[in-house]
Amino acid sequence: LGRQLLPHFVFTKACFKTQPLRWGLREQKITVQPRTVLRFTQKTFWTQGPDPRKAKEDSTKQVSIRRNQREETGVSMSQKVREAGRDVSYLIVVLFGVGLTGGLLYAIFKELFFSSSPNIIYGKALGKCRTHPEVIGVFGEPLKGYGEMSRRGRRQHVRFSEYVNNGLKRIRVKFYIEGSEPGKQGTVHAEVEENPGSGQFEFRYIFVEVTPTRSIIVEDNRSEQS
Amino acid sequence: MEEYAREPCPWRIVDDCGGAFTMGTIGGGIFQAFKGFRNSPVGINHRLRGSLTAIKTRAPQLGGSFAVWGGLFSTIDCSMVQIRGKEDPWNSITSGALTGAILAARNGPVAMVGSAAMGGILLALIEGAGILLTRFASAQFPNGPQFTEDHSQLPSSQLPSSPFGDYRQYQ
């Protein structure tokens with residue numbers, strides 16, 4: 001029985017071995033065919049593609065050249081002149097605006113930062129009044145300073161006048177002070193003169209007019225009689 | 001007479017708020033009149049009605065915005081006068097910057113910085129215009145003879161001596 005079974009097993013193995021070989025061959029054939037087909041189609045695309053594109057490109061180039069020539073003549077005739085006119089007018093408007101703004105900013109800059117501006121003189125004179133004991137004694141400790149009253153209740157700008165004496169520029173400033181004492185208000189007169197050496201402005205005098213008959217001299221450097 | 005002059009600062013806040021509202025309403029009314037006129041259908045009646053509707057709708061809003069700005073600006077300005085004890089253009093510029101920053105606070109810090117810069121520059125321009133107007137007005141009225149009169153009134157010998165004696169010892 002064992003001997004009879006063995007040849008059956010052998011036959012079955014042989015059948016299994018032969019079948020996969022056939023399958024492998026078929027697969028190889030199938031895979032080769034589409035490759036060849038794809039190659040042919042690709043070749044056809046390559047041959048057809050560039051020719052019409054090149055032709056189209058050439059035609060578009062010619063057309064664009066012609067259009068450019070026509071447009072250039074039109075622009076050179078009238079449009080360029082119009083554009084230049086517009087540009088110049090816009091530039092004038094912009095320059096006017098920038099000039100106006102620059103002028104205003106320069107005015108405020110000069111008022112706040114130059115040593116010859118009335119605002120700087122007013123600040124320094126007020127500082128000296130605050131450190132003077134007699135002024136503090138008359139008006140009280142928190143001393144306030146302000147300029148001329150405007151129409152809308154603002155008192156930020158002091159009255160000043162400029163003149164020249166013996167070739168040197170002088171600025172006279174007038175402002176008001178009041179302290180914690182009720183009902184007391186003082187008028188401060190200060191004058192500065194240009195120093196010929198350094199160009200800076202130095203005080204000639206500062207005095208506080210408490211009443212028409214009484215004044216407090218804070219600083220007096222008037223060596224010259226003029 | 002000067003002793004009874006009213007201190008301007010607390011009342012000026014209300015004055016400036018009302019003035020700003022008026023300015024915004026009138027200016028906004030003019031702009032909205034033109035805008036409504038152009039934005040209406042053809043026909044004089046349609047255009048006039050559109051113009052009036054636009055004025056009634058938007059001019060009060062603009063007036064309100066101006067009033068808020070003016071009121072806050074004046075409040076900060078008066079606070080600075082009280083704190084510094086001095087009135088000068090720096091108060092206006094700082095108040096403008098702070099007002100712009102505060103009113104843009106809802107939009108974040110970057111918007112606050114931008115609005116503060118815009119507010120400060122705007123107030124600097126306004127102060128610059130005021131200074132130029134003052135110079136222009138003073139240039140048209142030369143007051144030469146006042147110098148000699150004022151100068152003759154200021155010899156040191158005529159100034160009364162102070163009861164404290166020589167004041168130089170304190171300096």
Side-chain angles (χ1 to χ4, degrees), chain A residues 100-101 103-112 117 119 122-123 126-127 130-134 137 142-147 149-150 152-161 163 165 170 172 175-176 178-179 182-185 187 189 191 205 207 213-220 222 225-226, chain B residues 2-9 11-13 15-16 19 74 77-78 81-93 121 123-135 138 142-144 146-148 150-151 153-156 158-165 167-171:
Chain A
L100 186 65
T101 305
L104 294 179
L105 287 179
Y106 177 73
I108 189 67
F109 179 80
K110 183 177 177 182
E111 177 73 16
L112 294 177
S117 76
N119 189 63
Y122 154 54
L126 183 63
R130 282 172 168 165
T131 57
H132 197 262
E134 189 174 354
L143 199 65
K144 287 186 176 181
Y146 47 89
M149 174 81 75
S150 72
R152 304 202 58 190
R154 310 177 69 80
R155 308 181 291 189
Q156 297 186 337
H157 298 289
V158 296
R159 181 178 293 182
F160 70 98
S161 56
Y163 64 101
N165 188 11
R170 291 182 179 176
R172 189 179 294 173
F175 61 94
Y176 307 96
E178 68 180 28
K184 278 185 181 290
Q185 177 186 356
T187 303
H189 299 266
E191 186 171 294
Y205 62 80
F207 71 93
T213 58
R214 181 186 178 188
S215 296
I216 300 169
I217 300 174
V218 176
E219 185 169 334
D220 192 352
R222 292 179 296 169
Q225 291 183 354
S226 63
Chain B
E2 288 180 350
E3 295 183 354
Y4 299 99
R6 193 176 65 175
E7 183 74 20
C9 242
W11 322 112
R12 186 160 65 86
I13 297 171
D15 287 345
D16 283 357
S74 194
D77 190 61
C78 287
V81 168
Q82 191 69 26
I83 292 167
R84 293 183 68 207
K86 179 185 175 189
E87 293 203 39
D88 64 355
W90 280 116
N91 288 349
S92 281
I93 296 169
I121 291 171
L123 265 297
L125 291 173
I126 292 171
E127 289 293 328
I131 290 164
L132 288 180
L133 287 177
T134 303
R135 299 293 179 91
S138 65
N143 46 5
Q146 290 185 9
F147 293 119
T148 55
D150 288 342
H151 205 63
Q153 292 174 1
L154 300 175
S156 59
Q158 292 184 5
L159 289 173
S161 62
S162 60
F164 294 96
Y167 66 91
R168 294 181 184 273
Q169 61 187 355
Y170 298 103
Q171 296 181 354

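Order of the sequence lines fixes the chain letters, A, B, ..., with proteins taken first and strands second; residue numbering starts at 1 for each chain. Quantities reported herein were computed from a predicted structural model and do not represent experimental measurements.
- When every heavy atom of B:Gly85 is checked against every heavy atom of A:Leu126, the shortest pair comes out as O-CD2, 4.3 Å.
- The backbone N or O of B:Asp88 lies less than 3.5 Å from no partner atom in the side chain of A:Tyr122, so there is not a single donor-acceptor pair.
- Heavy-atom minimum distance, A:Gly103 versus B:Leu132: O-CD1, 4.4 Å.
- Counting heavy atoms from C-beta on, the side chains of A:Thr101 and B:Leu125 come closer than 4.5 Å.
- Looking at B:Ile126, neither its backbone nor its side chain comes within 4.5 Å of chain A, counting heavy atoms on both sides.
- In this structure, CG on A:Leu104 lies 10.0 Å from CD1 on B:Ile131, to the nearest 0.5 angstrom.
- A:Ala107 and B:Gly128 make their closest contact through CB-O, 4.0 Å (heavy atoms, listed as atom of the first residue, atom of the second, distance).
- The contact between A:Leu143 and chain B is made entirely by backbone atoms, counting heavy-atom distances below 4.5 Å.
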* What do the steps show when you test B:Gln82 against A:Lys144 for side-chain contact (heavy atoms from CB on, under 4.5 Å), and what is the final call? -> CA-CA 9 Å; B:Gln82 191 69 26; A:Lys144 287 186 176 181; 3.1 Å; yes
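- Here the shortest heavy-atom pairing between A:Ile108 and B:Pro89 reads CD1-CB, 4.2 Å.
- A distance of 11.5 Å separates CD in B:Glu87 from CG in A:Asn119, rounded to the nearest 0.5 Å.
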